[in-house]
Amino acid sequence: MSNTHFFLFITILLHSFITLTGADDFVRPVDRSLLGPHKEEKVSHFRVYWHDIVGGEHLSSVQVVPPTNKVNTTTLFGAIRILDNPLTLRPSLRSKLIGRAQGFYASIGQTELDLLVAMNFVFVEGKYNGSSITIMGRNPIFNKTRELAVIGGSGFFRFARGYAELKSYSKDINATDFIVEYNVYVIHY
């Protein structure tokens, strides 16, 4: 057998091996009863107060990318902030801490102050301690009410879906603690 034939034989053999083992071996069916969807769905409502502390000694969000100077900067277009914000039971920051909002928001509007929000509500209290809800969407912050999507979760909130309705509790644009009331409706198992 010549070197060319041997090389061709090995190439065909390797190709056959890869084809037989399959490029999709990383996908396999799973018994739904092992994951939770066999349970009855529940709808839960959470009302929490989100504190975005942007000034003072105890910051909960920090700017990691400044706004661009290439376009209108009155909307802070291009700015990105990382957050680890307290979630409390009442509007007061001194009320019971029930979780933390961890994620980021970015200024995405050139003509309006709109934010792209992506964060997890990580619960630190009670039955849901250690579980999280993942929230994402567009937040036009000057609208009276806004809506973001619940796109998933962990722990008690595996396979979660739903929405969050937001209302600004504090409206002082010069404040260092922006307080937003979140009413979150979650369908989960």
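Numbering of residues begins at 1 and proceeds along the displayed sequence.
Linking ILVMFWY residues whenever their side-chain heavy atoms come closer than 4.5 Å, directly or via other members, leaves Ile53 and Val180 in distinct clusters. A continuous path of Ile, Leu, Val, Met, Phe, Trp and Tyr side chains, each step under 4.5 Å between heavy atoms, connects Leu87 with Val54, placing both in one hydrophobic cluster. Linking Ile, Leu, Val, Met, Phe, Trp and Tyr residues whenever their side-chain heavy atoms come within less than 4.5 Å leaves Met119 and Val65 in two separate clusters. No chain of hydrophobic side-chain contacts below 4.5 Å, direct or via other Ile, Leu, Val, Met, Phe, Trp or Tyr residues, connects Val122 to Tyr182. Cluster membership for Leu76 and Val64, using ILVMFWY side-chain heavy atoms within less than 4.5 angstrom, is not shared.
Checked against Ile108 for a side chain to side chain contact (heavy atoms under 4.5 Å, CB included), the options Leu115, Leu113, Leu116, Asn139 give a single hit: Leu116. If you run ring-ring contact (aromatic ring centres under 6.0 Å, His included) between Phe46 and each of Phe123, Tyr185, Phe121, only Phe123 comes through.
Although no hydrogens or angles enter the test, the distance criterion places a donor-acceptor pair under 3.5 Å between the side chain of Arg81 and the main chain of Ser61. With Thr75 contributing its side chain and Gly109 its backbone, the two residues share a donor-acceptor pair below 3.5 Å. Between the side chain of Ser170 and the backbone N or O of Ile179 there is at least one donor-acceptor pair closer than 3.5 Å.
In this structure, CG in Asp177 is found 8.0 Å from CG in Asp52, a value given to the nearest 0.5 Å.
Shown here for Gln63 and Pro66, the closest heavy-atom pair between the two residues is NE2-CA, 3.3 Å. Smallest separation of non-hydrogen atoms from Leu97 and Pro86: CD1-CB, 3.8 Å. In plain terms, the two heavy atoms of Leu83 and Tyr105 that are nearest each other are CD2-CD2, 3.3 Å. Thr88 approaches Arg90 most closely through the heavy-atom pair OG1-O, 2.6 Å. Across all their heavy atoms, Arg138 and Asp114 have their closest contact at NH2-OD2, 3.1 Å.
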All N/O donor-acceptor pairs, side-chain side in residues 149-164, below 3.5 Å, sequence neighbours left out:
{"unit_1": "Ser154", "atom_1": "OG", "unit_2": "Ser132", "atom_2": "N", "d": "3.4"}
{"unit_1": "Ser154", "atom_1": "OG", "unit_2": "Ser132", "atom_2": "OG", "d": "2.7"}
{"unit_1": "Arg161", "atom_1": "NH1", "unit_2": "Glu41", "atom_2": "OE2", "d": "3.0"}
{"unit_1": "Arg161", "atom_1": "NH2", "unit_2": "Glu41", "atom_2": "OE1", "d": "3.4"}
{"unit_1": "Arg161", "atom_1": "NH2", "unit_2": "Glu41", "atom_2": "OE2", "d": "2.7"}

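Between the side chains of Ser168 and Arg146, at least one donor N or O lies within less than 3.5 Å of an accepting N or O. Side-chain polar atoms of His51 and Ser60 form no donor-acceptor pair below 3.5 angstrom.
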side-chain contact (heavy atoms from CB on, under 4.5 Å) assessment of Tyr128 paired with Ser44: CA-CA 12 Å; Tyr128 301 112; Ser44 297; 4.1 Å; yes
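Glu57 is linked by a salt bridge (Lys or Arg N to Asp or Glu O under 4.0 Å) to nothing, counting only residues two or more places apart in sequence or in another chain.
Contact check for Gln102 versus Phe104: no side-chain heavy atoms found under the 4.5 Å cut-off.
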